[in-house]
Amino acid sequence: MKKHNFFAGPAILPESVLKQAAQAAANWGDMGLSILEISHRSKEFVAVMEEAEALVKELLGLNEEYAVLFLTGGASSQFFMTAMNLLSEDETAAYVDTGSWSSKAIKEAKNFGNIEVLASGKETNYSRIPKDYGVPAAAKYLHLTSNNTIFGTQYHWWPKTEVPFVCDMSSDIFSRPLNTDRFGVIYAGAQKNLGPAGLTLVIVRKELTGKANRVLPTMLNYQTHINKNSSFNTPPVFPIYVSLLTLRWIKERGGLEAMAKNNAKKAALIYDEIDANACFRGTAEKEDRSLMNVTFVMAEGFESLEKGFLEAAVEAGCVGVKGHRSVGGFRASIYNAMPIKSVQVLVEVMQKFGQRHA
Ligand code: PMP
C-alpha cells in the first residue's frame, strides 16, 4: 500500500513524476540509454537544462535580470555563498532570525561582513515571525527564511524596505505566487517542493554579483555558474531532470496560483481540526502558520497520549508525522505534491483520536 507521506524532506513528489523518473533511469525516451549514463553536455541534456530554466522563470515571472542556477551543496552552502558573493568585509547585511535555518545562515554570514540581526523569535521558541523592526537603508541585503520547516511558521507578508531580499525558500518555493522584483537572491534545496536531494536552485539578480571585495574560489563564485549556464562542472543531472518533471507538473496544473489555492485548502483542513480538537494544540501563532509544515503538540493534559497518536497515524498509513526534536509533538508536511486525500486521512485519525480521548 502506498503510504501517506508527511516527511519534511526529502519529501513527497508527484506520483507521475516518480514514474517518469523511473522510466528515464531505465531507458530515457528512445535513446536506448539511461539518463544516468549520458553526458551533461549532450544536446538532449542541454535541452533539459534549458527547459528547466525557462520553466523556473515562467512560473516565478522572472525577467532577464535574473539568472537561474542549478548548483550542489544544499541550501546550507548558500548560507555562506550568498554572503561571500554579495557582501564585502566592511559592509553590513541584515538578517531576521526565525528558526534554526536562519540561525545557521547568520553564523555562516558572520565570516564575511557585518551581520546585523534585526529581530529574533528565539525567546518564544520561534512560534512567531518577528514584525517590529526597521531595516537599515545601508544594508546590502535583508536575509529572510520564507518558511521555517522545523517551527511551522511562514511569511505571509514581506517587510517594507528598498533593500533587496536574500531568501531561503527551501521549504516553500513554487508553493505560491511571488512578486520577485524585491528579491536579489532566492535559494532552495530541491528536496521538498521540487525534486530529489542533490540539487540546489539559486536565483540571482545578476547585477548584485561580482561586487564583493574578495577573491572567491571559482566554484563558489556565482559568476562562474552564470557564465557557464550551471555547467562549469558536472551538474546534478538526475535531480535536475526530476525537477524539470515537477516543474512541468506544476505548470500543467495551473502554475503557482493553483498550487497556492490547493495548499491553502489542505492547510485549512488540518488547522481547523487542530483548533477544534481538544486533544491538540498548534505551536505557531495563527497569523504566521505555515501552509507547508503544520506543527502541533498534544494539548495540556493529553501529553501522555503522544505515542498513541503517532501509532494511530502509522496504523492509518500516515508516515513522517513525528515532530522535529526542537518543537516535539507532530509535524505534517503537506507540500505541493501532497494529495488532499492524504490530508483527509490524517484529519480523520485526529478526529477519531479526539472522540476517543477528549
Ligand atoms: N533551509 C531550510 C528552510 C530547510 O528546511 C533546510 C533543510 N531542511 C535547509 C535550509 C538545509 O538544506 P540542505 O539540507 O539542502 O542544506
Side-chain angles (χ1 to χ4, degrees), residues 5-13 69-84 95-109 117 120-122 125-130 141-156 158 165-176 178 183 185-203 219-220 225 230 235-236 238-240 242-243 246 263 283-284 288-295 320-327 330-338:
N5 181 357
F6 291 91
F7 280 112
I12 187 167
L13 288 170
L69 306 178
F70 301 109
L71 306 184
T72 53
S76 299
S77 294
Q78 295 310 310
F79 296 161
F80 61 83
M81 261 179 90
T82 43
M84 240 177 155
Y95 279 66
V96 181
D97 177 18
T98 52
S100 316
W101 300 112
S102 308
S103 304
K104 287 183 175 155
I106 290 165
K107 175 171 177 275
E108 295 299 318
V117 180
S120 169
K122 191 162 196 249
N125 199 31
Y126 299 112
S127 59
R128 58 181 291 274
I129 303 268
Y141 62 82
L142 170 63
H143 183 282
L144 305 169
T145 310
S146 55
N147 184 74
N148 299 282
T149 326
I150 294 175
F151 296 94
T153 59
Q154 185 178 25
Y155 280 85
H156 297 294
W158 300 109
F165 303 145
V166 167
C167 190
D168 177 357
M169 284 195 194
S170 292
S171 49
D172 68 350
I173 192 151
F174 301 121
S175 71
R176 55 182 175 173
L178 199 65
F183 293 80
V185 178
I186 294 169
Y187 63 89
Q191 64 272 20
K192 297 163 205 300
N193 252 340
L194 189 56
L199 166 67
T200 316
L201 177 67
V202 182
I203 295 160
M219 272 296 284
L220 300 184
H225 303 291
S230 305
F238 194 57
I240 292 172
V242 180
S243 299
T246 309
N263 289 331
T283 61
D288 300 325
R289 281 174 164 177
S290 168
L291 302 190
M292 297 280 98
N293 311 96
V294 179
T295 51
V321 180
K322 189 172 166 50
H324 190 275
R325 62 190 177 281
S326 25
V327 183
F330 318 107
R331 171 175 54 175
S333 297
I334 50 174
Y335 300 115
N336 284 347
M338 169 66 73

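Order of listing sets the numbers, starting from 1, for every ligand and every atom in it. One-based numbering along the sequence shown.
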**Asked** Is there a heavy atom in Gln78 that sits closer than 4.0 Å to ligand 1?
**Response** no

**Message:** Donor-acceptor check, side chain of Thr200 to backbone of Ala188, threshold 3.5 angstrom: yes or no?
**Reply:** no

**Complete:** Note: ligand 1 atoms sitting under 4.0 Å from heavy atoms of Ser170 are 1 (N), 2 (C), 3 (C), 4 (C), 10 (C)

**Message:** Which residue and atom name correspond to the protein heavy atom nearest atom 11 (C) of ligand 1, and how close is it?
**Reply:** Trp101 CZ3, 3.5 Å

**Request:** Considering heavy atoms of the protein only, find what lies nearest to atom 8 (N) of ligand 1 and give residue, atom and distance to 0.1 Å.
**Result:** Lys192 NZ, 2.9 Å

**Message:** With respect to Thr145, determine whether any N or O atom, backbone or side chain, lies less than 3.5 Å from an N or O atom of ligand 1.
**Reply:** no

**Fill in**
Closest to atom 10 (C) of ligand 1 (heavy atoms only, candidates Ile173, Leu199, Asp168, Asn293) is Asp168

**Asked** Is there a donor in the side chain of Asp288 and an acceptor in the side chain of Gln154, or the other way round, less than 3.5 Å apart?
**Response** no

**Request:** With atom 13 (P) of ligand 1 as the reference point, say which of Ser100, Ala75, Cys167 has the nearest heavy atom.
**Result:** Ala75

**Nearest-neighbour protein heavy atom for atom 3 (C) of ligand 1, which is reported as residue plus atom name and distance** = Thr149 OG1, 3.3 Å

**Prompt:** By number and element, which atoms of ligand 1 are closer than 4.0 Å to a non-hydrogen atom of Gly74?
**Reply:** 15 (O), 16 (O)

**Message:** For a quick check under 3.5 Å, do Thr283 and Thr295 share a side-chain donor-acceptor pair by atom type?
**Reply:** yes

**Asked** Looking at Thr145, Asn148, Thr149, which one forms a side-chain hydrogen bond (donor to acceptor under 3.5 Å, both in side chains) with Ser171?
**Response** Thr149

**Request:** List every atom of ligand 1 that sits less than 4.0 Å from any heavy atom of Phe79, numbering the atoms from 1 in the order shown and giving each element.
**Result:** 10 (C)

**Fill in**
of all protein heavy atoms, closest to atom 16 (O) of ligand 1 is Ser76 OG, 2.6 Å

**Request:** Note the single closest protein heavy atom to atom 14 (O) of ligand 1, along with its residue, its atom name and the distance in Å.
**Result:** Gln191 NE2, 3.5 Å

**Prompt:** What do you reckon, does Asn147 put a non-hydrogen atom under 4.0 Å from ligand 1?
**Reply:** yes

**Prompt:** Are the aromatic rings of Tyr126 and Trp101 close, with centres under 6.0 Å apart?
**Reply:** no

**Prompt:** In Å, rounded to the nearest 0.5 Å, how long is the span from CZ of Phe70 to CG of Leu201?
**Reply:** 6.0 Å

**Message:** Please work out, at 4.0 Å between heavy atoms, whether the side chain, the backbone, both, or neither of Lys104 comes within that distance of ligand 1.
**Reply:** neither

